[in-house]
Each structure stands twice: as C-alpha cells, then as structure tokens.
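Notes follow once the structure below has been shown.
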Amino acid sequence: MKEDLIQKTAQAVFRSKKVVAFTGAGISVESGIPDFRGAGGLWEKFDPAEYATIEAFHANPQKVWTMLMEMGNLLESSKPNPAHTALAQLEKMGHVRSVITQNIDHLHQDAGNTRVIEYHGSHKRLVCLTCGQQYAKEEVNLDALPPLCRCKGVLKPTVIFFGEPIPTGAHLQAMEEARDCEVMLVIGTSAVVSPACDIPVLAKRAGAAIVEVNLEETQLTRYVSDWILQGSASQILQSVLDGVAGLRKT
Ligand code: APR
C-alpha cells in the first residue's frame, strides 16, 4: 500500500515542474527541533498564552526572550535532515518550484532550496517594535535581554507571534504559489493554525494534487488531501526522491 503511494507521488512529482512544498514543524523534528503539538512538543513546556502571543511579548519581553534564547540555541545547532535535502534536490532537478514554510529554523535554505517563503518569519532577523529597524541576529548583543535597538526600542525576532499579521509579502507570494501549483506536498503540519492552514485548501481549489506526509492523519486528510503518506518525513521524502530519480533514468 504505502510503496504504491510513494510511487504514485514520485510519478506526480516527476511529471510536474510546478510542485510546491508546504511544511510545518514536523519536517524538522528529525533535526532535533521539537514540534509544537506532538508528544513532547514545545507547547507542553511553554504555555503559548504566556510565551507566544504578541500581548505576552509586550507585557514581559524579558521573560519571552528567555524562551527565545533557549529555542535560538537549539535552532543554531540544528542541521537539515534527509527530508529537507530531498526537497532541495527536487528543486535542483526542476520539480519543486518553491517551499512555503511555517518554520522559523532556516533549514530549507540551509539544505539548498532557493525559493523559500517564510510564512511565520525567521529567528535570524530581529525588528524594533518602536522604529521598525531590522537587524540580523548576529549584529545584536544578546547578553542583556531584551535586546534594544539603537533608538532604545525593544527588539523582537521577526517570528510571527499569535495576534500578529502574516507579513504581506509572504502572504501574497504564498497565495500565488498555491494558486499556480500542480502538486502540493503538505509535510509535517497539524494544519490547525490559520491563515497558514488555508494554503493547501487554496491549492486544492486550484486543481492541485494534495499529498500529505505526516506521522498521523490531520484535519486535512479526509476532505483536502488526495492521499497521505503516513510515517517519518525524512524516510518518505528520501523514498520519493529515489522514485523520481529512477523515473528520470527511464
Ligand atoms: N515526520 C512527519 N510528520 C511529523 C514528524 C515526522 N518525523 N514529527 C511530527 N510530525 C507531525 C505531527 O504529527 C504533527 O501533525 O508534524 C505535525 C506538527 O504539528 P505542529 O506541532 O502543530 O506544528 P505546525 O503544524 O508547524 O504548527 C503551525 O503553530 O505554534 C504555531 O507558529 C507555530 O508555525 C507554527 C504553527
């Protein structure tokens, strides 16, 4: 059963130059980064109401920055896993046109994908809440928290907190990619956070084949996904890449 679906996915990817990957935290779990809602996920350790809303950040930036530093150290030491590298290879082969990611870990870029839409921002850039000035994280002294802008405003990662709008550029690019793709690989997301979870629905309405890759079924599986490859993202994406490479030889 699963082998047939792997082959079916490889054929769909092989036939298309308009494959878009839509990824969530699950694709990075095998790089050592916990997801949010799975067993041992981040929201078990940090209550999102206290650490992940823009109100919580404004109320106590120093407290939120302690969580951000713990996350940041983990992200700095993480490396792409075979799922990330398979997507980069599929871009090099001309099949994957873009990656829309909810992740802030920069691992798709580190793996080699060049068209990555960071729908929820990035941990690598900071922004001043007073004057809007942006900084690369390495430009800023993080010994004292919260870090301050030259204007003395508080700095925040460009990560999108609950209650913040999606960056307009990223939102428009993601909509465009979803409307013009033939296959969307929906990898490692519980698809419960809006408006990100609308992206696969948009692609479906535009006629794309929606292929889920997840350890378990999600709310997309029954009504949006055409099929689900259930299991580890790194093993499944590596098998799909092998399948596409095999078809390219025939
Ligand atoms: N392989 C495949 N899927 C996996 C793996 C794995 N190795 N490990 C976990 N998963 C799946 C889980 O089954 C789950 O469905 O990845 C999904 C992760 O879901 P979440 O933890 O909810 O992460 P995500 O969907 O990215 O969350 C969306 O919520 O908290 C906000 O802004 C945050 O971007 C995040 C958004």
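Residues: numbered from 1 along the sequence shown. All values below were derived from every heavy atom in this structure, side-chain atoms included, with hydrogens, water molecules and symmetry-related copies excluded.
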Please output the side-chain donor-acceptor pairs of residues 185-202 that fall under 3.5 Å, not counting sequence neighbours, one pair per line with the distance.
unit_1: Thr189; atom_1: OG1; unit_2: Gln102; atom_2: NE2; d: 2.8
unit_1: Thr189; atom_1: OG1; unit_2: Ala191; atom_2: N; d: 3.2

Can you name the closest pair of heavy atoms from [X] and [Y] and give their distance?
| X | Y | result |
| --- | --- | --- |
| Thr158 | Ser122 | OG1-O, 2.9 Å |
| Ala83 | Ile27 | CB-CG1, 3.6 Å |
| Ser77 | Leu74 | OG-O, 2.9 Å |
| Pro34 | Val29 | C-CG2, 4.4 Å |
| Pro80 | Asp110 | CG-CB, 3.7 Å |
| Val183 | Ser16 | CG2-CB, 4.2 Å |

Look up atom [atom1] in [X] and atom [atom2] in [Y], then write down how far apart they are to the nearest 0.5 Å.
| X | Y | atom1 | atom2 | result |
| --- | --- | --- | --- | --- |
| Ser78 | Leu107 | OG | CG | 4.5 Å |
| Leu42 | Asp35 | CG | CG | 9.0 Å |
| His120 | Ile100 | NE2 | CD1 | 11.5 Å |
| Asp143 | Met69 | CG | CE | 8.0 Å |
| Gln7 | Ser239 | CD | OG | 10.5 Å |
| Leu87 | Leu241 | CG | CG | 9.0 Å |

Is the closest side-chain heavy-atom distance between [X] and [Y] below 4.5 Å?
| X | Y | result |
| --- | --- | --- |
| Asp242 | Gln238 | yes |
| Asp226 | Val211 | no |
| His123 | Met71 | no |
| His58 | Leu129 | yes |
| Leu90 | Val19 | no |

Same hydrophobic cluster for [X] and [Y], using side-chain heavy-atom links shorter than 4.5 Å among ILVMFWY?
| X | Y | value |
| --- | --- | --- |
| Leu145 | Leu148 | yes |
| Leu126 | Met67 | yes |
| Ile236 | Val99 | yes |
| Ile33 | Val213 | no |
| Ile160 | Ile54 | no |

Tell me, please, which residues at least two apart from [X] pass side-chain contact (heavy atoms from CB on, under 4.5 Å).
| X | value |
| --- | --- |
| Pro146 | Pro61, Gln62, Trp65, Val154 |
| Arg150 | Gln133, Tyr135 |
| Asp47 | Ala49, Glu50 |

- request: Tell me, please, which residues at least two apart from Tyr51 pass ring pair (Phe, Tyr, Trp, His ring centres under 6.0 Å).
  value: Phe46
message: Taking ring pair (Phe, Tyr, Trp, His ring centres under 6.0 Å) as the definition, give me every residue that meets it alongside Trp43, ordered by chain and number, with sequence neighbours left out.
response: Phe36
State whether the side chain of [X] and the backbone N or O of [Y] hold a donor-acceptor pair below 3.5 Å, judged by distance alone.
| X | Y | value |
| --- | --- | --- |
| Ser232 | Gln235 | yes |
| Asn103 | Ala25 | yes |
| Asn113 | Val116 | no |

field: Test log, rule side-chain contact (heavy atoms from CB on, under 4.5 Å), inputs Leu68 and Phe57
entry: CA-CA 11 Å; Leu68 291 169; Phe57 187 88; 4.2 Å; yes
field: side-chain hydrogen bond (donor to acceptor under 3.5 Å, both in side chains) partners for Gln109, two or more places apart
entry: Glu118
All salt bridge (charged side-chain N to carboxylate O under 4.0 Å, His left out) counterparts of [X], not counting sequence neighbours:
| X | value |
| --- | --- |
| Arg97 | Glu177, Asp180 |
| Lys17 | none |
| Glu55 | none |

Counting only pairs under 3.5 Å, give me each side-chain donor-acceptor contact of residues 161-176, with atom names and distances, residues two or more places apart or in other chains.
unit_1: Glu164; atom_1: OE1; unit_2: Lys156; atom_2: NZ; d: 3.0
unit_1: Glu164; atom_1: OE1; unit_2: Phe161; atom_2: N; d: 2.8
unit_1: His171; atom_1: ND1; unit_2: Tyr119; atom_2: OH; d: 2.7

task: I would like to know whether Lys45 and Glu70 meet salt bridge (charged side-chain N to carboxylate O under 4.0 Å, His left out); could you show each step before the answer?
output: CA-CA 12 Å; Lys45 187 172 178 187; Glu70 190 174 319; 2.4 Å; yes
With no hydrogens and no angle check, do the side chains of [X] and [Y] hold a donor and an acceptor under 3.5 Å apart?
| X | Y | answer |
| --- | --- | --- |
| His95 | Arg248 | yes |
| Thr23 | Thr101 | yes |
| Asn81 | Ser234 | no |
| Glu91 | Thr114 | yes |

- request: Would you mind checking if Glu76 and Lys137 are paired as a salt bridge, meaning a charged N to carboxylate O distance below 4.0 Å?
  value: yes
- prompt: What's the verdict on side-chain contact (heavy atoms from CB on, under 4.5 Å) for Leu155 and Val127, showing C-alpha distance, side-chain angles and the deciding distance?
  reply: CA-CA 5 Å; Leu155 293 177; Val127 61; over 6 Å; no
message: For Thr9 and Ile6: C-alpha separation, side-chain torsions, deciding distance, then whether side-chain contact (heavy atoms from CB on, under 4.5 Å) applies.
response: CA-CA 5 Å; Thr9 307; Ile6 296 265; 5.7 Å; no
message: With ring pair (Phe, Tyr, Trp, His ring centres under 6.0 Å) as the rule and sequence neighbours excluded, what pairs involving residues 66-85 come up?
response: His84-His108
